[in-house]
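This report refers to the structure that appears directly beneath it.
The chains referred to below are lettered A, B, ... by the order of the sequence lines, with proteins before strands, and numbering in each begins at 1.
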Amino acid sequence: MTQTDVAKPSVSTPPQRSRSWISAVVWIVIAALVGGVIYLSLSPGGSPLLYNSSGSHSWFVDMIFQPATVAQKLVVMVLAIAAFLAVMAFILWVVDRTSVPKGVLIAGFIGPVVLALASGLLWSAIKTIIQSFQKFDQFGTEIGWAGWANYGHVFTSANTHMLINTVVWIFVVPIFATTFGLVYAVLVDRTRFEAAAKALIFLPMAISMVAASVIWKYVYFQPAPEGQPEIGLLNAIVRAIGITPVNWTAEYPIGTFALIVVMIWIQTGLAMTLLSASIKAIPDEIIEAARIDGASGWRLFRSITVPSIRPTIVVVITTIAIASLKTFDIVNVMGNNLTDNNILANAFYNWMSVQQPGWAGAAAVLIFVVVIPVIVFNVRQMRKSEAVR
Amino acid sequence: MTTTPTLPVPVPVQSGRAAKLAVRAEAAKTRLSSPWASLIAVVIAVLWTVPTVGLLVNSTRGEPGPTTSGWWHLWGVGSGFTLSNYINAWNGNGGTPLSDYILNSVVITLPAVVMPITLALLAAYAFAWIDFRGRNLLFVAVFVMQIVPIQVALIPLNTVYVRFGLSSSFWSIWLSHTIFGLPLAIFLLHNFMKEIPPSLVEAARVDGAGHVRIFTKVLLPLLVPAIAAFGIFQFLWVWNDLLVALTFSGDTTRPITAGIQQLTTQFSSSGNILPSAAILAMVVPLIVFLSLQRFFVRGLLAGSVKG
């Protein structure tokens with residue numbers, strides 16, 4: 001995608017009409033809906049507004065909110081899609097009438113998105129930030145302000161391993177995934193088997209991290225009891241060369257590195273794809289010129305390839321770093337719930353499941369705070385690399 | 001970036017000498033990517049593939065193969081090669097059948113893909129082609145939302161769902177995935193939409209077409225690749241998601257990822273069906289991915305990297 005700075009002229013719209021008060025009404029309705037969601041999230045408790053699962057309802061209402069059978073689930077799915085599309089079609093039909101003021105037109109096109117993002121993402125983020133400064137009892141009920149205590153809790157000595165692990169994840173995964181991805185992309189570039197070779201590395205990206213964890217379970221499987229064959233590949237290899245088998249995912253710090261290997265295994269495909277595209281975009285002339293000057297092999301790679309794709313390398317490293325920071329699935333499935341293997345994103349989930357929105361909020365905000373500068377940097381680099389391309 | 005070679009590079013004159021040079025360069029390249037390079041590439045490829053092969057083999061080993069010996073013993077242990085693990089996994093082998101989880105995943109995924117695409121198409125159109133006050137500000141706001149980690153939104157969203165009586169229903173999962181997918185969808189579709197020549201839209205306007213006609217008749221057909229790119233992203237993201245699933249799903253709405261996660265905690269009772277269950281969980285995303293790979297890579301290069 002090339003970045004063009006030439007502003008494209010917008011389609012001219014008919015002049016404002018006299019019935020512009022309608023658009024004010026439409027926007028007030030949207031704002032009221034957002035405000036309603038905010039109000040409801042501030043005052044929990046009371047009976048559910050749309051559906052009370054303990055009350056009795058007609059079979060249709062039950063089906064819409066709690067479908068039980070296969071057929072009901074499929075019907076609800078189709079109904080949900082159909083109803084949603086019908087609402088969208090209705091909005092389009094309304095805004096298509098020529099007498100509609102421009103404000104209504106715009107509200108029709110972006111109102112639903114504004115509603116969803118303002119109440120679902122923006123307000124939720126603000127609420128989480130507020131909660132990270134609040135105190136909660138063991139049932140998750142808010143009982144006043146906590147100051148920085150929740151953040152203090154995240155940084156207590158009990159969480160030392162978790163914090164160290166998180167930092168290790170953020171640095172180790174991107175470095176290795178990018179290195180493997182880059183080396184592999186260069187090695188298979190323009191060979192006969194390129195497509196197939198790339199697919200092998202890329203497929204882990206398509207499956208879930210849960211499935212990847214199951215795959216690796218049979219690599220890291222705990223040592224077999226005396227006299228029995230090993231189930232895990234790694235322990236079988238280790239035993240074959242005469243070392244005592246290890247319970248790879250349950251010991252510190254080996255466990256953390258065992259989990260990191262899984263993430264590297266997944267992310268290398270991403271690095272390879274982005275870097276490969278970038279390598280192919282290096283003009284042939286540059287490479288030929290370098291060859292004529294006598295550069296080849298390692299020197300060509302170091303002096304021409306790497307400098308040419310440096311912006312992409314930076315984007316890849318930062319992207320994978322963010323993904324590593326947010327990794328939850330691998331640690332949740334493979335980490336055996338050991339505090340030693342924990343990382344921030346998993347700590348967030350654990351605190352959320354034990355009804356501690358304050359601690360969980362602090363963890364979420366910390367993730368947010370670490371992500372912001374990285375992404376700002378990333379976007380700048382991406383602009384730069386696009387400008388070069 | 002000072003070290004980056006700057007464009008434009010003069011186009012070489014296509015003389016006989018240049019052609020010969022090109023041939024020589026090509027020959028040098030193939031020569032240098034010879035023994036060692038090939039060896040390293042093969043080693044990486046094998047390392048990346050072996051764990052998956054192991055799971056595949058394990059999924060076809062009869063009881064008690066997968067729980068008592070390594071997969072490299074192949075089918076020599078227990079009852080040999082069998083596909084009954086798949087049948088047992090599908091039927092649950094006493095627990096919740098995998099077919100339930102897969103059905104839930106389908107029911108969750110399809111609306112969670114359609115909804116953000118529809119909403120984002122409308123919004124991206126307005127951002128690209130309708131001039132209004134505060135447009136740039138609003139677009140930047142939406143763009144910035146991409147950086148919000150979903151962890152930040154989960155707990156307050158759950159409060160709202162409980163208040164509406166939607167908790168642990170499909171509705172809460174659909175809405176969550178829609179909200180989380182929107183910023184990327186708008187960004188991506190807006191990028192593609194702005195690449196469509198304005199003259200095309202102008203011409204339609206001159207012919208008297210309104211916004212809706214332009215949107216549906218002129219732009220939509222051109223946007224199919226972009227929609228496919230985001231669609232496959234959102235599909236894989238939703239199908240493979242565990243965090244949203246564990247947070248919002250209930251007993252009757254649990255998707256496949258959460259189902260597999262549960263199976264891993266019961267290795268003693270379900271160790272024999274775990275490999276085949278995991279394979280079954282991978283089949284759908286792999287099919288989608290392999291058939292739409294083109295669009296996936298295009299979306300990736302356009303900046304859709306979500307975490």
Side-chain angles (χ1 to χ4, degrees), chain A residues 1 8 10-11 40-41 44 48-51 65 73 77 80-81 88 92 96 106 109-110 112-113 116 120-121 124-125 127-128 184 187 200-201 206-208 210-211 214-215 218-219 229-231 236 277 283 285-286 288 291 297 307 319 322-323 326 328-329 333 348 357 364 367-368 375 388, chain B residues 3-5 9 25 32 37 41 44-45 48-49 51-52 54-55 69-70 103 107 111 114-115 118-119 122-123 126 129 131-132 145 147-149 151-153 155-157 159-160 163-165 169 179 198 201 205 210 212 240 242-243 257 260-261 264 278 281-282 285-286 289 301-302 305 307:
Chain A
M1 186 142 310
K8 291 189 174 143
S10 291
V11 181
L40 288 173
S41 76
L49 295 169
L50 290 178
Y51 180 78
F65 290 101
K73 283 177 181 175
M77 178 185 78
I81 295 178
M88 289 300 127
L92 279 183
D96 202 25
I106 293 159
F109 275 106
I110 64 172
V113 167
L121 216 48
S124 297
K127 178 105 188 286
T128 299
Y184 197 76
L187 291 183
L200 285 182
I201 308 293
I207 63 172
S208 62
V210 178
V214 175
I215 288 178
Y218 292 94
V219 175
E230 294 289 347
I231 296 174
E285 293 82 359
I286 293 177
E288 268 165 41
R291 281 183 197 286
T319 305
I322 292 171
K326 294 185 192 168
F328 151 75
D329 322 31
V333 177
F348 160 82
I367 293 175
F368 198 6
I375 296 208
V388 170
Chain B
T3 48
T4 311
V9 176
L32 118 212
I44 295 180
W48 251 250
T49 318
T52 318
L55 188 77
S69 63
L103 172 75
V107 172
V114 172
M115 288 178 185
T118 318
L119 290 176
L122 294 180
W129 298 108
D131 210 4
F132 59 91
M145 295 248 185
I147 71 171
V148 178
Q151 280 89 350
V152 163
I155 297 175
L157 274 182
T159 317
V160 174
R163 197 74 174 82
F164 277 97
S169 75
I179 291 168
V201 179
R205 268 225 88 82
V212 176
N240 291 336
L242 180 68
L243 181 56
T257 45
I260 301 283
Q261 188 248 19
T264 60
M282 294 175 209
L286 277 181
F289 175 77
L301 295 177
V305 181

Residue among P149(B), A278(B), S169(B) with most heavy-atom pairs under 4.5 Å to chain A: P149(B)
Side chain / backbone / both / neither for V219(A) at chain B, heavy atoms under 4.5 Å: side chain
Heavy-atom proximity to chain B below 4.5 Å, by part of I106(A): side chain
Heavy-atom side-chain contact between I147(B) and I322(A) under 4.5 Å: no
Minimal non-hydrogen separation, I201(A) against A45(B), with atom names: CD1-CA, 4.2 Å
Interface moiety of A281(B) toward chain A, non-hydrogen atoms closer than 4.5 Å: neither
L243(B) and K326(A): CA distance, side-chain angles, deciding distance, side-chain contact (heavy atoms from CB on, under 4.5 Å) verdict: CA-CA 10 Å; L243(B) 181 56; K326(A) 294 185 192 168; over 6 Å; no
Portion of F65(A) that has a non-hydrogen atom of chain B nearer than 4.5 angstrom: both
Considering all heavy atoms, the nearest V114(B)-I81(A) contact: CG1-CG2, 4.2 Å
Interface moiety of F368(A) toward chain B, non-hydrogen atoms closer than 4.5 Å: both
Flag side-chain contact, heavy atom, 4.5 Å: L200(A) against W48(B): no
I260(B) side, atom CD1; D329(A) side, atom CG - distance, nearest 0.5 Å: 13.0 Å
Spacing of CZ belonging to F109(A) relative to CH2 belonging to W129(B), to within rounding of 0.5 Å: 13.0 Å
Closest-packed option against chain B by number of heavy-atom pairs under 4.5 Å, given A236(A), P112(A), A125(A): A125(A)
Donor-acceptor under 3.5 Å (T128(A) side chain, V152(B) main chain): yes
Nearest heavy atoms of A206(A) and L286(B), plus distance in Å: CB-CD2, 4.0 Å
Test item: L55(B) and V214(A) side chains (from C-beta on) under 4.5 Å apart, heavy atoms: yes
Interatomic spacing from CG in L121(A) to CG in L157(B) - rounded to 0.5 Å: 8.0 Å
Min side-chain heavy-atom separation R163(B)-S41(A) under 4.5 Å: no
Heavy-atom closest contact (T118(B) atom, M88(A) atom, distance): CG2-CG, 3.6 Å
Closest approach of L242(B) to V333(A) (non-hydrogen atoms, all atoms of both residues): CD2-CG2, 4.2 Å
Closest non-hydrogen atom pair, I110(A) against A126(B): CG2-CB, 3.5 Å
Any V160(B) side-chain heavy atom under 4.5 Å of L40(A) side chain: no
